[in-house]
Amino acid sequence: MTPAGSHVVFIHGLWLHASSWAPWTELFQTAGYAPLAPGWPGDSDTVEETRSHADQVAGKGIDDVVDHYAQIIRGLDAPPIVIGHSFGGLIVQRLLGQDLAAAGVAIDAAPVKGVLYLPPSALRVASIALRTPANRNKAVALTPEQFRYGFANALPAQESADLYQRWTVPSPGKPLFEAAAANLSRRSPAKVNTGNKTRGPLLLIAGGHDHTVPAAITRSTRKLYHKSPAITDLREFNDRGHSLTIDHGWREIADEVLNWLGQRVK
């Protein structure tokens, strides 16, 4: 049987394809882990196919994504480490809170229920979907300009353009609507079991220049875990934006995650 924590499941967020984790999976495999990076329900195998069949992801909500990854995890022979970016970071916290993972890393994670303050830049990015109610059941794509503001504001313009062309895909609008209404709903799918005392360790990572999930959101998320004695660590990279998992500096973040896993996951 594979030891708990040897498998690593990478979970992408909105507007990025699962293949954007390729450099991470190669690095983690070299480090002795068994990585896999499945897409969200409805995603196709490639960026091009996902763009061509955007209707297949439309209408998928947070619970759909959590259930999708939970099923994948249950097919493994040991609880994995789960690593997620943006909405993938919210999914990581759901899975960890449900004791389905050995440890979790949530990078620039979307706000969970209980985070009350959303900085203006976060609202501007969310409004891409929220300004049109019909987007709740549609797939929503970013323009190059929206990607530049939401993901790549800390990067040179040419790198932003290259990353947009290489990795972006349409994503369901529903998770943004669910997150926006989280604090108004008792049974919000954005609710995480932050009080779980027996869960595995969690690392929260924030980018100081992130427009989509400003560091203030990650700090607020950390405070929600104060009632649990389980390990919850926070790392901030003050000069990084929302693209920190896919841009030229991705290795700095990945090395920090590997170092943390070496310390916290036995």
Side-chain angles (χ1 to χ4, degrees), residues 1-47 49-50 65-110 151 163 166-169 171 199-205 207 231 233 235 237 240 242-266:
M1 178 175 288
T2 305
S6 294
H7 293 292
V8 180
V9 177
F10 290 94
I11 305 174
H12 66 86
L14 295 178
W15 298 309
L16 293 180
H17 191 264
S19 58
S20 63
W21 286 115
W24 287 69
T25 59
E26 293 173 9
L27 177 65
F28 273 67
Q29 187 167 29
T30 301
Y33 293 95
L36 61 158
W40 280 26
D43 282 349
S44 298
D45 290 340
T46 67
V47 170
E49 290 174 353
T50 304
V65 182
V66 171
D67 292 345
H68 173 72
Y69 283 97
Q71 183 176 1
I72 291 170
I73 287 171
R74 291 188 180 104
L76 303 175
D77 59 4
I81 295 161
V82 285
I83 299 175
H85 172 250
S86 197
F87 259 95
L90 188 156
I91 305 305
V92 160
Q93 293 174 77
R94 281 279 311 268
L95 294 168
L96 188 65
Q98 293 170 207
D99 294 319
L100 292 173
V105 179
I107 305 169
D108 288 347
F151 280 76
L163 292 174
R166 187 175 185 184
W167 299 126
T168 60
V169 294
S171 290
R199 63 162 171 82
L202 171 65
L203 173 62
L204 301 171
I205 292 179
I231 293 170
D233 292 326
R235 302 282 190 275
F237 293 82
R240 307 300 296 279
H242 202 60
S243 65
L244 77 177
T245 59
I246 60 170
D247 61 34
H248 67 274
W250 71 270
R251 182 65 185 265
E252 179 186 18
I253 311 301
D255 284 342
E256 178 64 27
V257 172
L258 284 170
N259 290 336
W260 179 83
L261 290 171
Q263 297 169 11
R264 294 299 201 185
V265 182
K266 305 302 182 183

### Residues that Asp233 engages under side chain to side chain donor-acceptor pair (under 3.5 Å), provided they are two or more places apart
Trp260, Arg264
### Task
Could you pull out all residues at least two apart from Glu252 that satisfy side-chain contact (heavy atoms from CB on, under 4.5 Å)?
Phe237, Arg240
### Task
Applying salt bridge (charged side-chain N to carboxylate O under 4.0 Å, His left out), name anything that partners Glu49, two or more places apart in sequence or on another chain.
none
### Task
Report the residues that fulfil side chain to side chain donor-acceptor pair (under 3.5 Å) with Arg166, sequence neighbours left out, ordered by chain and then residue number.
none
### Query
What residues, two or more places apart in sequence or in another chain, satisfy ring-ring contact (aromatic ring centres under 6.0 Å, His included) together with His85?
His242
### Query
Taking only residues two or more places apart in sequence, or in another chain, which ones meet Thr25 in a side-chain contact (heavy atoms from CB on, under 4.5 Å)?
Phe10, Trp21, Pro35, Ala37
### Query
With His12, which residues qualify under ring-ring contact (aromatic ring centres under 6.0 Å, His included), at least two apart?
Trp40
### Task
Sequence neighbours left out, what passes side-chain contact (heavy atoms from CB on, under 4.5 Å) with Pro23? Give chain and number order.
Trp250
### Message
Going by side-chain contact (heavy atoms from CB on, under 4.5 Å), name the residues that satisfy it together with Leu258, two or more places apart in sequence or in a different chain.
### Response
Leu27, Phe28, Ala31, Tyr33, Asp255
#### Entry: Non-neighbouring partners of Ser243 that pass side chain to side chain donor-acceptor pair (under 3.5 Å), sequence neighbours left out
Asp247
### Query
Rounded to the nearest 0.5 Å, how far apart are CG of Leu90 and CG of Leu95?
10.0 Å
### Query
Which residues satisfy the side chain to side chain donor-acceptor pair (under 3.5 Å) test with Asp99, sequence neighbours excluded?
Asn196
### Query
Can you pull the ring pair (Phe, Tyr, Trp, His ring centres under 6.0 Å) pairs that have at least one residue in residues 87-107, sequence neighbours excluded?
none
